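What follows is a short report on a single structure.
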Amino acid sequence: MTAVEPRTSPISFEVTHPAGVGTRARAGRLETPHGAIETPIFMPVGTNATVKALDPDDLREVGAQIILSNTYHLSIRPGHERIRELGGLHHFMGWDRPILTDSGGFQVVSLGRLREISEDGVRFRSHLDGALIDYTPEHAIAVQEALGSDIAVCLDQPVPPGSSTRREVADATARTQRWAERCLDAHARSDQALFGIIQGGLEPDLRAGSTAAIAALPFDGLCIGGLAGDESAAERRRALDVVVPLLEDDPRPRYLMGLGSPMDLLDAVDAGIDMFDSVLPARVARNATLWVPEGRLNMRNARFLDDPRPVQDGCPCRLCRSFSRAYLAHLLRADEMLGYRLATCHNLTFTLDFMATIRRAIRAGTFPQTMRQLRASRAGTNGADSRDEGRVKSE
RNA sequence: UCCGGCGUAGCUCAGUGGUAGAGCAUCGGACUGUUAAUCCGCUGGUCGUAGGUUCGAAUCCUACCGCCGGAG
């Protein structure tokens, strides 16, 4: 597929290390109005203009280069006009690095009971006060322009994972394409990039068609949506192996929406994805699951109450530098705020370090070997060996 | 000493004749473009003790033990 003639873009993406033999993994650099980021990249999620439990200093310390925030949620609270008047989202939340805003498309799925979809847009019933909210593609763009994120995203209609029929997938995918054109027409802010979203579910032909249709439009980047749901890793990989080859000559970044577990990230990088976001590491941390190279630790387990070791030996994060597993286990049981913060710091540090390791391997041309090693490590999984993490130091 | 109340899961308590429940705690699990410091599940009790009435008692009766309150 040939590249589209892009409009003047506020961002620039350069693939510094193209896909090599035996993998589609590539490394690059994305320049945005608030600085550059290195790909493949993981974006922590800060729905309400905050990555829960962390402040911007923590975010910098864990190595966040760019974060994601949410258009729908900010539009109803505190209100996008208010944020605009207060100087924009970066200033409002004290984060001067890049921000990508999700359009609210995901809320079409996550707030499934509170909305109705029509050709015009989505009518939400506010989960806060029940008010009716007419959420159109144009509105999603207007909100994002008010927020002033570096990268805006089109309103789309994700396909509910699992239970949808082929017909429903086809309809949602077609509508997402029509909405993509409306978003493009509505978007005016020249210092903000706009990404389009590819849908198509797990149907190869619908994925391919959506890829062609969205890639034909002058977006600054391409999102792949409707994955990171209930599908298996193999199903997801098959979908990516339909999409990415069609974008082989496309100069734009590829962003797989919603993916966050270490093994999932690894496989998707291998499939040729540049950008990711997910609440997973942060949410799981607040719920007491800590990711380590050998698997995961459920800090609610009684065995940690007397464990004087750090969560992860050698980890540079705020938690592992200063505190024991026993202390974290205590904090989380006591519902202490510090526990949530420290646990979140660790999992985000882990995830962002994991991505940094991947980037280094790609640049060094050793990604396939590194991938095998990382996959064998079972990082972040509930593998059979995760209970033996105390002995793994020797490897 | 008398009168009254109460003794049911680790804790706080429902359950007043038909073979025991809840919340929390414990123990374990899940979480992927956040309505999530959330959710799910498993353990766990000879219903203070001993008798009695009854086809059947946590539940009714008697005695005793313990705790609380009141009166002397």
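Sequence lines set the chain letters: A, B, ... in the order given, protein chains first and strands last, and positions in each chain run from 1. Everything numeric in this text was worked out from a predicted model, so none of it was measured.
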Mate of [N] where both pairing distances stay under 3.5 Å, Watson-Crick or G-U:
N: rC60(B); answer: rG52(B)
N: rU38(B); answer: rA30(B)
N: rA14(B); answer: none
N: rA25(B); answer: none
N: rG7(B); answer: rC65(B)
N: rU1(B); answer: rA71(B)

d([atom1], [X]; [atom2], [N]) in whole Å:
X: Trp291(A); N: rU32(B); atom1: CH2; atom2: P; value: 11 Å
X: Phe304(A); N: rU26(B); atom1: CZ; atom2: C1'; value: 17 Å
X: Arg333(A); N: rA25(B); atom1: CZ; atom2: P; value: 11 Å
X: Arg303(A); N: rC27(B); atom1: CZ; atom2: P; value: 12 Å
X: Met299(A); N: rC31(B); atom1: CE; atom2: C1'; value: 18 Å
X: Asn301(A); N: rA30(B); atom1: CG; atom2: C1'; value: 13 Å
X: Leu297(A); N: rA30(B); atom1: CG; atom2: C1'; value: 16 Å
X: Asn298(A); N: rC31(B); atom1: CG; atom2: P; value: 12 Å

Distance, [atom1] atom - from [M] to [N], rounded to whole angstrom:
N: rA57(B); M: rC39(B); atom1: P; value: 41 Å
N: rU8(B); M: rU1(B); atom1: C1'; value: 31 Å
N: rU49(B); M: rG66(B); atom1: P; value: 15 Å
N: rG45(B); M: rA20(B); atom1: P; value: 13 Å
N: rG17(B); M: rU32(B); atom1: P; value: 49 Å
N: rC61(B); M: rC68(B); atom1: P; value: 25 Å
N: rC47(B); M: rU19(B); atom1: P; value: 15 Å
N: rC27(B); M: rG21(B); atom1: P; value: 24 Å

SB check [X] [Y] (cutoff 4.0 Å):
X: Asp270(A); Y: Arg24(A); result: no
X: Arg178(A); Y: Glu119(A); result: yes
X: Asp191(A); Y: Arg189(A); result: yes
X: Glu116(A); Y: Arg123(A); result: no

Any Leu331(A) side-chain heavy atom under 4.5 Å of Phe323(A) side chain: no
Check: Arg309(A) and Ser324(A) side chains under 4.5 Å, non-hydrogen atoms: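 No, side chains not in contact.
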Val311(A) to Arg325(A) - nearest heavy-atom pair and separation: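 Residues Val311(A) and Arg325(A), closest heavy atoms: O-NH2, 3.1 Å.
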Distance-minimising heavy-atom pair for Asp274(A) and Thr39(A):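 Taking every non-hydrogen atom into account, O-CB, 3.6 Å.
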Worked check of salt bridge (Lys or Arg N to Asp or Glu O under 4.0 Å) between Arg29(A) and Glu31(A): CA-CA 7 Å; Arg29(A) 182 179 171 84; Glu31(A) 302 265 4; 3.2 Å; yes
What pairs of nitrogen or oxygen atoms, one from the protein and one from nucleotides 10-12 of chain B, lie under 3.5 Å apart?
none

Under 3.5 Å donor-acceptor, Asp96(A) side chain and Gly35(A) backbone: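 A pair under 3.5 Å: no.
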Geometric class of the Tyr135(A)/His139(A) ring pair [parallel <30°, tilted 30-60°, perpendicular >60°]: perpendicular
Per-nucleotide protein contact string for nucleotides 33-39 of chain B, where B marks a base within reach and S marks sugar-phosphate only (heavy atoms under 4.0 Å, - for neither): BBBBBBB
